[in-house]
Amino acid sequence: MDNLLIKAQNLSKYFTDSSGVHKAVDGVSLNIHKGETLGIVGESGSGKTTLGRTIMRLYQPNHGQIWFEGKEITGLKDSKLRPYQKDIQMIFQNPYDSLSPRMTVGDILEEPLYIQKMGTKSERTEKAMKMLEKVGLPKTSYKKRIHEFSGGQRQRIGIARALIVEPKFVIADEPVSALDVSVQAQVLNLLKDLQTDMNLTCLFISHDLSVVHYMSDRVAVMYLGHLIEMAPKEELYHNPIHPYTQSLLSSIPVPDPERRRHQKEPVILPPKPLYPPQLVHVGNNHYVSADMIQIKDFEIENQQRVISNNK
Amino acid sequence: MNQHVLQIKNLHVSFNKKKNKSIAVNDVSLQVEKGQTVALIGESGSGKSMTSLSVLNLLPVNGKAERGSITFNGIDLLKLTEKQMRKIRGNEISMIFQDAIASLNPGMKVGVQITEGLKNHNIITKNERKSVALDLLDKVGFKNPEQVYHQYPEQLSGGMKQRILIAMAVSCKPKLIIADEPTTSLDVTIQRQVLDLIDYYKSDMDASVLLITHDFGIVAEYADWVYVMLGGHIVESADVYTIFQNPVHPYTKALIGSIPRPEMEQERLKSIQDYTFEKDYEGRQFAPETYTYESSSFQAPSSLVEIEPLYYVRFYDEKRMVTTIG
Amino acid sequence: MILKLAKQPQLIIGLTFISSILVFSFFWTDILQVEKTEALKLMDFMYDDEGKIIDHIPYSPSEVPPFGTDLYGKQLFYQIIDGAKYTILIAFVIAFLRIVVSVGITLINPRANYAFLDDLISATLTIPTTIIAYIFMNTLLIKSSMDGKSTNELIFLQCLVLIGIGIPPLISTFTREIRGILDKDYINNTFAIGARKSYVYYKHVLPELSTRLILIFAQQMIQVLILLAHLGVLAIFIGGAQTLVLGDPMNTVLQDIPIAGEWAGIIGMSFTKLQAAPWIILIPLSCFAVTILALNLIIQGIQNSVEETQKL
Amino acid sequence: MYFSINSYLRRLRSTILGILIISILPAVLFGINTQLSEQVYVYSLKGLNVTRNIFPEIYSQFFYSMTIFFTALLIGLLVSLTLTFITTLLPRFLQRMIYGLLTLFESLPDLFIVVLLQVCIVALYKKTGLLIPFYNDYNNPIYLLPILVLSIVPTIQLYKITLLLMREEQHKPYVTVARAMGLSRFYITLKHVFRNILTSLLQYAKTIFVFMLSNLFIVEYVYNLNGIMSLLMITRGAAFLVTALFIAVPFSILFELADNYNASVNKQLKEKNAA
């Protein structure tokens, strides 16, 4: 497929500390096509943030390869990597930590342009002003510092900083989890608008299944460093196959008192997956991690489902 | 007829900061009836936690419940001495806190901690301690109570700690459980377990629950009655079905509209700006002309109006402004 | 930042104290209208009106106010004043260079683990720094007396030793600090847009580190002052000592007298006479204590100001 | 949980290497030939050399120093904890005053305290004839005075640290939870807070040990005691290495314990922040 933007193959990232090796990401393969948003959902400790940072090349993967627009960027040195870093940007989880408290908003926005050597000083200023307007902040923000803004406004600045170099691909790592619900909606809407506006491809990482559903075209579920299920969002939300995905979906509280579903025991998976992390295609672009015996069952089930859908 | 387990009337809580005084809770009235789960919903800084802390008189040192009354089974809690209050805490009203990880003493065995309240209120003797603790651990779903009894909190996961806290809170069979954002730091799957557990104990002990949360999803699943808080005020209160079917106040509408909902077709999330054009309801203004909902402080003079039986909404009140200024 | 610091009374008091002591120390001859040679001349016997000897050196503070004299009759007050600038400046320079060198080394590769340094540090935990410094300084003194090095050369080498022994623990401190900063999200954010290491260090890490640098610098000054005092007691003097021949020609006494006039030297040369003339030891020691207190006030002031900004 | 032989051996190797470097480096740097024998060079500043063997006297010197060290530590711990407990019962403004005074005392150099006490005790003796034995007799080493003097610095430090910890601990969520269960303040302070402070104190063990070792050296020197630290000062070469190991081996066990404890605490903190 030539509209493939990101391809990751068998990606692994291990951390070592005094207690031993911790496999944060273990053998993850995924493709992201131009213009689509892939959502990654997982609970704490699932390795979703590490996956994002490894694709971003903030971490050097222990195994596996990453391709960007067909070129491998896994082993590239810092200087060779720089042109790609312009095309791949990241929106961080916590706008309180991810923006320098010492700089003015203007400096924060212009810094990526300066580092990537784009434009003259006045052009950069002009671009920063435009970006402020795009994310819905007043022009007076330019000279202010981060601590003068509310959480939602800070995340807007974080978004503006990531998008000012006009990247092709954005990794959004829990961009709204630190925000209040009403602000969260505004930021999500803004992200969606900018995405269509700038024709962005996006990797959206979150622990919140509803948010991921709202933002993404396809959704991948992560559990203890492995991808365990990946499918177009409607397919995944209506036909979850993996027991863990089912349990995640049934745990979302539904904001409608008429539809109360009490006392459903959620499935807690064993701390180490029993089967090797291998995704199997079960139709409808739907992939599930399974061992050999389960694959057959899935295929049968899937055929039945396809039949029943056609009726 | 006094069915109310808890009745808060016109509560004001203020904080003394270095020079100025800030009002965290402004004229809040609410009631919890027997067997009910009442949700107090609001975003950060709305004063919901301060309201719940003042029920047990546990406000931080510089905070003070200034006016109003908090009546629990006919006793005005604000008038009690510290010693009398201690008899209520844990025994009659107990509390489950948000930060499960820091809420347990890291240096004390789980089994000892869990029964401290019972021991303190002289409900059990020292010899009964262990059997009671094992029983409690079993009830909150630990498959290996004997092992957990001897463990320290650091050996447990976040969800397990929150279950320990629930066991502590229900140990003295209180009449009212205050759950202050009990699941905020937990994963979704565990969130459901924890909330189900609280719900189970509520019906098991015939108690009531005051649930403090920011999540309308949780409210819809567990609450009977809802109070929406904004900037220290209650802006809307009704039973859970009414408020979801037909919210009146634009802030409530925005809170409900801003939740992404996979089960529905949703082109765009609604945010507070989408509702600011709604200036009035049946001729009553929500706010003065110039008011925007962006600021969380809700400072314009206003008062609650009963638009339908037991359905209250806060409206802008010009007369009140005159009286407050005068 | 500076405005906020100006609001901290402790900081102001500490800074004022140290700077006024320095000014006084440099210009005391002008301020007090005395000749330096006259003020620091050796006093001899004290005579009454009839020319009879009533007392001999050393004189206590009550006899020769305000601070008395040292064992050889030099007025202690003038010695203290004159010595202040050497003491404080030596501590300043050594602390400053310790920090510059160790930050420099750390920045070469903040992620590096220097096993050699870890060895040195775990050893210095059990052996007091004073003893380590003593061993080095002592060897140096023996060597320089053998080679006949000049005073300036000796002072230079001694300072190098005092700088050197402070560096291993500082590198470990800075490695920890800089790694802490590098782990912050906004640094990741800057690396994510393709920034060079040198840019990030210069633009983000050093400004973030600046307050800590000032604090660590003040702490280092305190440590150097304490070390100097300890070394003084062990009769190790900055600039070495010259041997003085005292007493009448028939009955000479050899005595080491420090060449540089800093406070530790005053303590060291009379330490054996602690019981006979305690003021000669206690007064310079108090000067050390007061200077250290002033530095601690500065540290406290900066910390308060940082805490206040963090609360905002 | 807090001790592993491998990790300790690694530390011990480090320490020995470090001491080796320190004992060789000056000679290498300044080109003076140091004899690597277990003989001790005792030389005065006048250049007189006396040689003698450090064995077997080193044993008694070691035990003498350690007796002083650990008794002083124990006294410091007991006194500071008692004072902290009394302080928490005092009104708030007095607590703040005590804290300020402690900060002041803390900036006094240990040398100043040691010398001042020495002068005071002699003056006291001259004035009143009250004798606290301060003169060290080779056969009857003194204990009381060095122990008292050595315990001053850790007392001040521990007192300040426990006050600070107390203040921090009382604001932790678990205290609120305990209060919400109806427990009294006194009970919480005694049963929860005080016990946790004792364990948190371990975090500061290393700093206090390092301070005290340096202080021990000053005390030995000023009071002319025949302890291991004064031996360390006058030995060179192999003798220095052996003497240093006498101190390093037992203390590195303590440091290892303290470090491992700190690592486990930091790990918990990290996990808490990550959650």
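Letters A, B, ... mirror the listed sequences (proteins, then strands); counts begin at 1. Here the structure is a predicted model, which means the values were calculated and not measured. No hydrogens, no waters, no symmetry mates; every other heavy atom, side chains included, goes into these values.
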Heavy-atom distance under 4.5 Å between the side chains of [X] and [Y], does that happen here?
X      : Y      : result
A:K192 : B:L269 : no
B:S258 : A:Q184 : no
B:E43  : A:V181 : yes

Item to check | Choice from A:A185, A:G45, A:G152, A:G151 maximising heavy atom contacts with chain B below 4.5 Å | outcome: A:A185

Next on the checklist: Only pairs of heavy atoms separated by less than 4.5 Å count here; which of A:P255, A:S182, A:S150, A:S210 has the most with chain B?
Outcome noted: A:P255

Item to check | Residues which pass side chain to side chain contact (heavy atoms under 4.5 Å, CB included) with B:Q98, listed by chain and number, not counting sequence neighbours | outcome: B:E181, B:T184

Item to check | B:S157: partners by side chain to side chain contact (heavy atoms under 4.5 Å, CB included), with sequence neighbours left out | outcome: B:M160

Checklist entry - Hey, what do you get for CD1 (A:I252) to CZ (B:R261), rounding to the nearest 0.5 Å? => result 11.5 Å

Item to check | Residues in residues 236-245 of chain B that sit under 4.5 Å from chain A, counting heavy atoms only | outcome: B:V240, B:Y241, B:F244, B:Q245

Next on the checklist: Please enumerate all residues that pass salt bridge (charged side-chain N to carboxylate O under 4.0 Å, His left out) together with B:K139, with sequence neighbours excluded.
Outcome noted: none

Checklist entry - So what's closer than 4.5 Å to chain B heavy atoms on A:D208: side chain, backbone, both or neither? => result neither

Item to check | Atom group of A:L248 that falls short of 4.5 Å from chain B, counting heavy atoms | outcome: both

Item to check | Between B:K270, B:H214, B:R268, the one whose heavy-atom pairs under 4.5 Å with chain A are most numerous | outcome: B:R268

Item to check | Test item: A:D180 side-chain N/O and B:S44 main-chain N/O as donor-acceptor pair under 3.5 Å | outcome: yes

